[in-house]
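Treat the numbers as computed from the prediction; the structure is a model and nothing was measured.
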Amino acid sequence: MNLKKGMSILMLVSLLFLLGCQKKAEENKVAENKDQEIKGPSHDNTLPGEEGMKNTILGYNQAVMDAHLSDRHLKFIKKYASEGEVKRVFVFINTDREKGVAMAMKLNKITFDNISSSEKLNAVDTSEHWDFHNLDIKTGKPIEPVREMRYKLRYILVKEDNKWVVAKLKEREKAVIGEYMPPRWSVTGK
């Protein structure tokens, strides 16, 4: 009887120790993520010409990816998008959240196909290859396989407060969606 009781106590102490270690590791990861969240994307959209426009698109895409997974990132979309575009993105994110899902995305490749600039219109055409899947908000686990999407987009950019921002997006061609079996991208994005 004492041996069973001793083994139970030893198992309980071991379990508590392991849980404590796991909790500490999770706290450290949360602290690291908070540091990253505070900074947001760091693409300089105040640069002139093509470089500034490309940075705007890269920053916009990163901000959108981050905002889908964390409310703390929503504010960074405003750095790279006009008020109307920010509202459009918020609608998509909130619609997903009402369904209990969040979209995890990864931009694998972006090619800047054409950049045109004038006083009236600044447009950048891109070809983009993305991986994405939806995660259950409560568990953080995928609810569908990883899919690939290929876009051909036109970003309409304007200058606001001495920086480039995305004012509007247009599809130049219908997006192509594929599915990977087995997935080549994990939930952690590695």
Side-chain angles (χ1 to χ4, degrees), residues 26-47 52-112 122 124 126-171 175 177 183 185-190:
E26 288 173 4
E27 287 172 358
N28 288 340
K29 188 169 184 161
V30 167
E32 288 174 19
N33 288 341
K34 284 184 180 179
D35 288 343
Q36 290 175 349
E37 289 176 347
I38 292 168
K39 296 175 190 170
S42 61
H43 300 280
D44 187 355
N45 58 341
T46 63
L47 295 173
M53 288 191 275
K54 287 179 181 180
N55 280 343
T56 299
I57 292 166
L58 294 172
Y60 169 86
N61 282 323
Q62 185 63 53
V64 170
M65 284 187 278
D66 294 342
H68 272 279
L69 297 176
S70 169
D71 287 340
R72 293 180 58 130
H73 286 285
L74 290 172
K75 63 185 173 191
F76 297 116
I77 296 173
K78 295 176 183 178
K79 178 178 177 182
Y80 298 102
S82 67
E83 186 176 328
E85 181 60 15
V86 168
K87 287 178 182 176
R88 186 186 73 80
V89 172
F90 285 177
V91 167
F92 282 109
I93 292 171
N94 288 330
T95 300
D96 283 348
R97 296 224 172 114
E98 287 173 3
K99 296 176 187 174
V101 299
M103 187 182 296
M105 300 175 284
K106 180 180 175 186
L107 178 58
N108 294 314
K109 181 180 177 184
I110 184 168
T111 304
F112 295 95
N122 300 290
V124 179
T126 64
S127 296
E128 302 178 16
H129 298 202
W130 290 80
D131 286 349
F132 71 96
H133 61 215
N134 285 319
L135 306 175
D136 181 288
I137 289 176
K138 291 179 184 173
T139 66
K141 294 183 180 179
I143 57 175
E144 63 182 21
V146 175
R147 294 194 175 139
E148 174 190 34
M149 184 169 283
R150 293 180 183 226
Y151 286 109
K152 289 195 179 268
L153 299 174
R154 173 166 292 150
Y155 292 81
I156 306 300
L157 303 172
V158 296
K159 279 275 196 168
E160 286 183 4
D161 300 324
N162 205 30
K163 64 182 181 183
W164 293 105
V165 294
V166 174
K168 191 173 187 177
L169 283 171
K170 296 179 182 179
E171 269 189 300
I177 300 175
W185 176 50
S186 70
V187 176
T188 60
K190 293 180 183 177

Nearest 0.5 Å, please: how far is NZ in K54 from CG in L47? 12.0 Å
Do S127 and K152 get their side chains close enough for a donor-acceptor pair, meaning under 3.5 Å? yes
Just wondering, more than 12 heavy atoms not from K79 lying within 6.0 Å of its NZ? yes
Nearest 0.5 Å please: distance from the CD atom of E85 over to the OH atom of Y60. 3.5 Å
Is it true that atom CD of E83 has more than 12 heavy atoms of other residues, nucleotides or ligands lying nearer than 6.0 Å? no
Within 6.0 angstrom of Y151 OH, more than 12 heavy atoms from elsewhere: no
Please name the pair of heavy atoms, one in A67 and one in R97, separated by the smallest distance, quoted to 0.1 Å. O-NH2, 2.9 Å
I need the minimum non-hydrogen distance between A104 and L135, along with the two atoms involved. CB-CD1, 3.9 Å
Regarding D96 and N134, do their side chains bring together a donor and an acceptor under 3.5 Å, going by distance alone? no
What are the two closest heavy atoms between Y80 and A63, and how far apart are they? CD1-CB, 4.4 Å
Which heavy-atom pair separates M105 from V64 by the least distance, and what is that distance? CE-O, 3.8 Å
What is the distance from atom CZ of F112 to atom CE of M53, rounded to the nearest 0.5 Å? 10.5 Å
Value for NZ (K106) from NE2 (H129), rounded to nearest 0.5 Å, stands at 14.0 Å
Carefully, step by step, assess N122 and V158 under the rule side-chain contact (heavy atoms from CB on, under 4.5 Å). CA-CA 7 Å; N122 300 290; V158 296; 5.6 Å; no
Which atoms form the tightest heavy-atom contact between L107 and E128, and what is the distance? CD1-CB, 4.2 Å
In this structure, CG of L153 is separated from CG of L169 (nearest 0.5 Å) by 6.0 Å
Can you tell me how far the CG atom of L157 sits from the NZ atom of K168, to the nearest 0.5 Å? 13.5 Å
Minimum-distance pair of heavy atoms, taken over all atoms of D44 and N55: O-ND2, 3.0 Å
Cation-pi, W164 ring and K159 (6.0 angstrom, 45 degrees): yes
What do you reckon, is CZ of F90 surrounded by more than 12 foreign heavy atoms closer than 6.0 Å? yes
Could you tell me whether the side chain of Y155 and the main chain of T56 form a donor-acceptor pair under 3.5 Å? no
